[in-house]
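Report on one structure; see the data block that follows.
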Amino acid sequence: MKKSKKGKISKKSVWVRWKRYWVKLYVAWVVLWGVMAALGYEAMTEKAAEERKEVLGSMCDERARMLQDQFSVSVNHVRALAILVSTFYHNKSPSALDQREQFEKQQGWTIRSMNDREPSPVEKEYAPVIFSQDTVSYLKSLDMMSGKEDRANIERARETGKAVLTNPFRLLESNHLGVILTFPVYHSDLPTDVSVQERIEAIDGYLGGAFDVESLVENLLRQLADNQDIEVNVYDVTTPGLPLIMYGPQHPNGDVSLSHVSMLDFGDPFRRHQMECRYNQRPPILWWNICGAVGVFVICVLIGYISYAAIDHIIKVEEDYNKMEELKVKAEAADIAKSQFLATVSHEIRTPMNGVLGMLDMLLDTNLDSTQKDYARTAEVCGKTLISLINEVLDRAKIEAGKLELEAVPFDIRAILDDVLSLFSSKSRAKRIELAGFVSDKVPKFLVGDPGRFRQIITNLVGNSVKFTEQGHIFVQVHLADHAKAVMAARTEAWSKGKSDQVEVRPGFSAFNTLSGVETADERNSWESFRLLLADQECNDNASDNWTATGASSYVNLMVSVEDTGIGIPLHAQDRVFTPFMQADSSTSRTYGGTGIGLSISKCLVELMGGQINFISRPNIGSTFTFTAKFKECNKDALSDLKKPLSEALPGNLKGLKVVIVDGRQVRAAVTKYHLQRLGIAVEIFGSIKAVRDTASTQNGFRSGICKQPCVILMENDLLSSEMEVSNAELLSEWTHGYKSLLPKKILLVASESDKSKFEAFFDSIIMKPLRASTVAACLQHVLETGNRRQQEEEMLHGSAYLHGLLFGKNMLVVDDNIVNRRVAAGALQKYGANVKCVESGKHALSLLQPPHKFDACFMDIQMPEMDGFEATRQIRLMESKENERIQIRGTGETEWHLPILAMTADVIQATYDECLKCGMDGYVSKPFDVDQLYKAVARFFESKLISDP
């Protein structure tokens, strides 16, 4: 067992404890199965030998049986066709015993002896061959009793009444080994219990037959298909120890290790014969048995090795796990150290930046000349850029730690998009590129989510597009994801059926029907797709003003695309676009700047919002980034609880106004129409000045739905360079052609300052892009003189004046050990009418906040010497708790004490925020101060009162 640093005892498993024995066990396993495989091979070999022996015995018995059967058949033939041996007993005429001469005279030959084939001497009895087959005709007249062995056989045959065989001998003609079979023939049927003498007296003669044993066996083996498989020997074993070979080689060949003996019964009970069989070839090598044994051995070895490898892997995994546990402890300590480091670094950087930006803000409120204001604003922009970079790094740290949480508050997505486009307006004008935004009418006006993070995503994507785009356009679109996907699917299906959209190419314009006429990376975002997305909106003009009327909220899945015509992303770098701190190559950072962290943060934020982000990019063409995000649809109850409007109110006095848009680019004209319709303005689009003139000169004037004479004509500046080749005087006359009453106002839409100065003298007003509904409204009110001071004052009430109403006359206590921070905080609060008291320590704050006191809120720094903000807050809450107990005891109905305490620090780590809430603080204000952030912090505690300027 092992004890860790935390005091926990970690037990080693059996695998680890037996680590040194596993190799020995594996070796023993291999040896065991080697022995088992050998024994298995021996068993299989023995079984094969038994089977081989059984087969040999079966074959040998079969041959023996067939030989006996064939011999029996031959014996039957011999009985029918055998030689008739006659004797002269029992009144034979003439008798060979006593009438030899008469017998020889009758037969015509002399009885001869078998030994020398000479006339037989006088004997007691004779057994001459009187008939023989042609094959053995040489036996005729031979006395079969002249041979000693033949005489014994004949006598034994007549005494027993059974067939008798001779010893094997060489046949005269064929020189083959053979035997002679002798049968006794009686003159009458004898009973079974007859005596030997009676048999002798009843003998009539003998039947004999010679058998060529070798030919008999050869014929038998020739009939068998497998006669070559075994070797056969036939023996006469009548004399023990002296077998006589009747058939087969003298010296056995083939496999002498295995043989089988089958006994033969040829009908002679006095003689014994046997057949011995053996295989011609030695047993073959049993490869199957060898392969089986080896295979089993190999399989078992592999199983053992796999088990050993698995155990070894388990041991390594456990060891790695133990190491990972140790590394985890170190990593957790390092994470804590990193968080502390980030908190410290954030605090140390943001604290002086708070002083810098705060003093610059106060400086800009003083009387400065134009040069001084320019220097101050430049310094303020640089400071905010540095703060933005710090925030990005801290956001990445929060995301990696999993501590980034999203808000769920109502917001106006159109207002956010307008603000983002306004943020990059100066850069887009300087580069002479089109910057535009469009939100579908199907998207609800108000949503519930995290507007700050949503704004951060769009800001990162648009910022990258502005950075890498030198010509063309940047176009931001917001649609309902389901609607956009359905439109894309319908268009894809139409293409698959061969129904391609006809693109109208107007004179003087590019063939690419996009926002600026420049080719884009994603061809799906062309006018054809955009037109289909707009088609459903014609009958839903008021959809954006709707929200859920009940208390329930439904989810809305948005799809946002940011399209640009910049340099694109090289193919080799597209797989690492979302990798933190990575750019296409080193030259990108040198040429365009940036840290390469924005897209990584955007991807993480999109995923936190339940969506996905992807892109299509073509080098030297541009890029299109698309992401989805889920929000809740805002209901009326949530809107009624708001103390401050979510967005800048648009004027309502422009509703019913008639405006004509002159633009040769359909996408851009649709975007301009979108901003005008947000103001309730009726719009008609024409592609050229000539079209406007021709329509105005017709009898019916403009189309139905638009009055015969529009109030305002909006014109794109690129029409001048493409169509107008006449003098300025002729241009003015062309505008007024066809109008008999009030001359409509002419407004030019330009994307750069140079175009503004060039055509300013010929138009009533010029609107600088990117378009915003508020800027368009202000311009229309200016040219039509419909605005008034009261309306402008009301609009200003939602800005800093609203915050002024919240803080006016309130007593604020600022606690900070840094004198610069105290001055900045006091200046920011006094700017909105608050009475501010500053102290430098937590102890001093405790003395001032002893109930009862006059303060309405306290801004408390966190990191201070002697007593930090956490401890000071805990002490304040303890004092309030004791005072509230006394109030409850007195029962006087006094209001209980709870001073709003807002953390005021440059440390923006999530852990710090959690600690703030834990110790009793009510909110959090990060340095440097921002109007919106300050409003959000104090709006929960104070009610706004309209304060008019004296």
Side-chain angles (χ1 to χ4, degrees), residues 405 407-409 637-638 640-644 802-817 822 825-826 828-830 832-864 866-905 907 910-926 929 933-947:
E405 298 180 357
E407 290 184 317
V409 297
D637 297 337
S640 62
D641 296 337
L642 296 176
K643 295 181 179 180
K644 180 183 177 182
Y802 203 85
L803 184 57
H804 192 270
L806 283 173
L807 299 178
F808 184 79
K810 298 297 188 296
N811 296 314
M812 302 292 180
L813 177 63
V814 175
V815 186
D816 199 314
D817 62 319
R822 292 200 299 271
L829 295 171
Q830 289 170 349
Y832 302 109
N835 301 319
V836 182
K837 172 71 175 177
C838 297
V839 295
E840 72 280 357
S841 67
K843 288 185 177 181
H844 194 179
L846 290 179
S847 63
L848 294 177
L849 295 177
Q850 181 71 37
H853 57 76
K854 63 178 181 179
F855 294 102
D856 297 300
C858 174
F859 288 84
M860 180 79 68
D861 188 25
I862 293 179
Q863 298 183 8
M864 294 183 294
E866 296 185 6
M867 181 181 291
D868 60 19
F870 298 137
E871 182 60 28
T873 302
R874 281 190 283 266
Q875 294 295 330
I876 293 170
R877 296 304 183 210
L878 182 60
M879 293 189 301
E880 291 177 342
S881 176
K882 292 180 180 179
E883 182 63 25
N884 292 335
E885 290 178 0
R886 287 193 288 267
I887 291 175
Q888 292 176 359
I889 293 173
R890 289 196 299 267
T892 57
E894 300 178 51
T895 303
E896 294 185 355
W897 286 91
H898 183 85
L899 177 69
I901 301 176
L902 303 175
M904 183 181 63
T905 181
D907 183 359
Q910 181 69 28
T912 305
Y913 178 70
D914 295 338
E915 185 64 24
C916 291
L917 299 180
K918 185 177 180 181
C919 72
M921 292 184 177
D922 297 285
Y924 191 100
V925 178
S926 63
F929 289 131
Q933 186 187 22
L934 189 60
Y935 164 76
K936 291 179 182 179
V938 301
R940 294 186 295 142
F941 309 108
F942 308 124
E943 292 184 1
S944 178
K945 297 179 180 179
L946 267 180
I947 306 299

Considering all heavy atoms of both residues, which atom of [X] and which atom of [Y] are nearest to each other, and what is their separation?
X: Leu849; Y: Phe855; answer: CD2-CD1, 3.7 Å
X: His844; Y: Ser841; answer: N-OG, 3.3 Å
X: Gly809; Y: Asn835; answer: O-ND2, 3.7 Å
X: Ala903; Y: Met921; answer: CB-SD, 3.4 Å
X: Gly920; Y: Thr873; answer: C-CG2, 3.8 Å

Tell me, do [X] and [Y] make a side-chain contact under 4.5 Å, heavy atoms counted?
X: Met879; Y: Leu846; result: yes
X: Asp922; Y: His898; result: yes
X: Cys916; Y: Phe870; result: yes
X: Ile887; Y: Trp897; result: yes

Inter-residue atom distance [X].[atom1] - [Y].[atom2], 0.5 Å rounding:
X: Asp817; Y: Arg822; atom1: CG; atom2: CZ; answer: 7.5 Å
X: Glu880; Y: Gln850; atom1: CD; atom2: CD; answer: 10.0 Å
X: Glu871; Y: Leu878; atom1: CD; atom2: CG; answer: 9.5 Å
X: Gln863; Y: Asp868; atom1: CD; atom2: CG; answer: 8.5 Å
X: Lys882; Y: Asn884; atom1: NZ; atom2: CG; answer: 12.5 Å

Carboxylate-amine/guanidinium proximity below 4.0 Å for Arg886 and Glu883: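 Yes, Arg886 and Glu883 are salt-bridged.
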Side chains of Glu896 and Gln888, donor plus acceptor under 3.5 Å: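 Checked: Glu896/Gln888 side chains pair up, N/O donor to acceptor below 3.5 Å.
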Check: Asn811/His853 side-chain N/O donor and acceptor closer than 3.5 Å: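 Note: Asn811 and His853 side chains miss the donor-acceptor criterion.
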Whether Arg874 side chain and Cys919 backbone form a donor-acceptor pair below 3.5 Å: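 Judged by distance alone, no pair lies under 3.5 Å.
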From CA spacing to verdict: side-chain contact (heavy atoms from CB on, under 4.5 Å), Ile901, Arg877: CA-CA 10 Å; Ile901 301 176; Arg877 296 304 183 210; 3.7 Å; yes
Option among Val815, Val814, Leu813, Val925 that satisfies the side-chain contact (heavy atoms from CB on, under 4.5 Å) test with Met860: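 Between Met860 and the candidates, side-chain contact (heavy atoms from CB on, under 4.5 Å) is satisfied uniquely by Val815.
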